[in-house]
Amino acid sequence: HWLTSYLKTMCIYSYNLQNLILNKPLYFNYKWLILILFSILFSYKKFVYLINFLLVSTQILNIMKVLITGSSGNLGGIITKHLLFNRVPVVGIDINKSLGHNSNPYFKFYNCDIRNKSIMQDIFVKEQPTHVLHFASTFNRFRNRKKEMDIDFGGSQNVLDISNNTRSVKQLIYSSSAAAYGGNPDNEIWLSENQKLRPGKYRYGIIKKLVEEYYCTAPVRDGLKIICLRICSVIGPSFNKPKSAISLFANSKYGLKQWE
């Protein structure tokens with residue numbers, strides 16, 4: 001443990017030293033300032049024991065902080081609960097109210113629309129997340145196509161642009177959809193990642209395809225990794241869409257009801 005703590009501290013120091021030499025922005029906050037001050041005030045042995053204590057008790061060296069857009073949704077809620085259970089700091093962003101994690105010391109929630117770029121920027125600057133999970137989506141809730149495009153595509157542009165400008169962010173995961181493949185009769189039984197995206201006239205699939213194309217072609221800094229996940233429907237105990245095709249089938253005499 002002490003070796004791990006020491007190496008992590010030295011990596012942080014080396015990273016900033018390299019950036020200082022190359023005249024690049026420093027990744028620095030009050031935590032690293034505290035660590036450096038302790039390293040000066042204490043002997044090496046005491047410092048190592050102190051860092052080990054902090055690592056175990058407060059996880060000050062666990063620099064992973066996950067920001068989740070759509071944290072109050074089905075998928076966002078599942079991931080948030082899992083991360084908080086493992087004591088990973090989570091920053092939730094959603095236009096709906098929080099799912100009841102506000103009393104958790106590892107959770108912060110912001111009621112924010114992803115179209116509001118200035119507020120989103122302020123949140124990123126304040127929280128300095130290391131990982132961003134972008135799950136916010138309308139899922140065809142609006143008949144206003146312009147509004148739907150503004151949220152799903154324009155909001156996704158904001159998330160990428162702000163993540164790219166926030167140097168603490170190392171990874172951005174975008175929740176695309178298998179709907180981007182399209183329900184075409186000549187589709188293979190098993191679809192690979194190399195399968196051509198043909199969403200047809202399905203707006204949800206079309207927008208997911210457009211966002212993927214933007215995320216894969218937009219110029220980003222070297223330190224930012226982007227992953228697009230073409231997720232199918234996520235179901236389970238917390239599934240809360242009673243009017244969805246899955247719920248209608250599951251509650252029919254041909255679905256789960258027959259087993260009751």
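The CD1 atom of Ile207 sits 11.5 Å away from the OG atom of Ser177 when rounded to the nearest 0.5 Å. Here CG of Asp150 is found 4.0 Å from NZ of Lys146. Values are rounded to the nearest 0.5 Å. With rounding to the nearest 0.5 Å, the separation of CG in Leu224 from CZ in Arg167 is 10.5 Å. Note: Ser176 OG to Ile227 CD1 = 13.0 Å, rounded to the nearest 0.5 Å. Atom-to-atom distance recorded for Leu210:CG and Gln157:CD is 10.0 Å, nearest 0.5 angstrom. The CG atom of Leu83 sits 13.5 Å away from atom NZ of Lys65, with the distance rounded to the nearest 0.5 Å.
Here the side chains of Lys208 and Val211 are not in contact, with every heavy-atom distance at 4.5 Å or above. You'll find the side chain of Val91 stays beyond 4.5 Å of the side chain of Pro129, heavy atoms only. Between Ile226 and Leu160 the shortest side-chain heavy-atom distance falls below 4.5 Å. At a threshold of 4.5 Å between non-hydrogen side-chain atoms, the residues Val132 and Ile162 do not count as touching. Looking only at side-chain heavy atoms (C-beta outward), Ile114 and His134 come within less than 4.5 Å of each other. A heavy-atom distance below 4.5 Å is found between the side chains of Met120 and Ile93. Side-chain atoms of Ser156 and Tyr214, non-hydrogen and from C-beta on, never get closer than 4.5 Å to each other. A heavy-atom distance below 4.5 Å is not found between the side chains of Tyr110 and Ile119.
Val90 pairs with exactly one of Leu67, Leu84, Ile79 by the side chain to side chain contact (heavy atoms under 4.5 Å, CB included) rule, that one being Leu84.
The two residues Ser98 and Ser72 make their nearest non-hydrogen contact at CA-OG, 3.7 Å. When all heavy atoms of Pro199 and Ala179 are compared, the closest pair comes out as CB-O, 3.9 Å. For the residue pair Lys201 and Ile206, the shortest heavy atom distance occurs at C-CD1, 3.8 Å. The minimum heavy-atom distance linking Leu172 with Val159 is given by the pair CD1-CG1, 4.0 Å.
The side chain to side chain donor-acceptor pair (under 3.5 Å) test applied to Ser175 returns no partner, not counting sequence neighbours. Remark: Asn165 pairs with no residue by the side chain to side chain donor-acceptor pair (under 3.5 Å) rule, at least two apart or across chains.
Side chain of Thr69 to main chain of Phe135: a donor-acceptor pair is present (N/O by atom type, distance under 3.5 Å, no hydrogens or angles). Checking side-chain atoms of Asn102 against main-chain N and O of Phe109 turns up no donor-acceptor pair under 3.5 Å. The backbone N or O of Val88 lies less than 3.5 Å from no partner atom in the side chain of Asn86, so there is not a single donor-acceptor pair. The main-chain N or O of Val220 is never found under 3.5 Å from a side-chain atom of Asn164 such that the two would form a donor-acceptor pair.
Both Val66 and Ile231 are assigned to one and the same hydrophobic cluster, defined by single-linkage of ILVMFWY side chains at heavy-atom distances under 4.5 Å. Cluster membership for Ile173 and Ile78, using ILVMFWY side-chain heavy atoms within less than 4.5 angstrom, is shared.
A ring pair (Phe, Tyr, Trp, His ring centres under 6.0 Å) check over residues 72-104, counting only residues at least two apart or in different chains, returns the pairs His101-Phe107. Pairs of residues two or more places apart, or lying in two chains, that qualify as side chain to side chain donor-acceptor pair (under 3.5 Å) and include a residue from residues 220-232 are Tyr181-Arg230, Glu212-Arg230. Each salt bridge (Lys or Arg N to Asp or Glu O under 4.0 Å) pair with one or both residues in residues 105-119, not counting sequence neighbours, appears once here: Lys108-Glu127, Asp113-Arg115, Lys117-Asp161. Judged as a salt bridge (Lys or Arg N to Asp or Glu O under 4.0 Å), the pairs with a partner in residues 183-198 (not counting sequence neighbours) are, in order, Asp186-Arg198.
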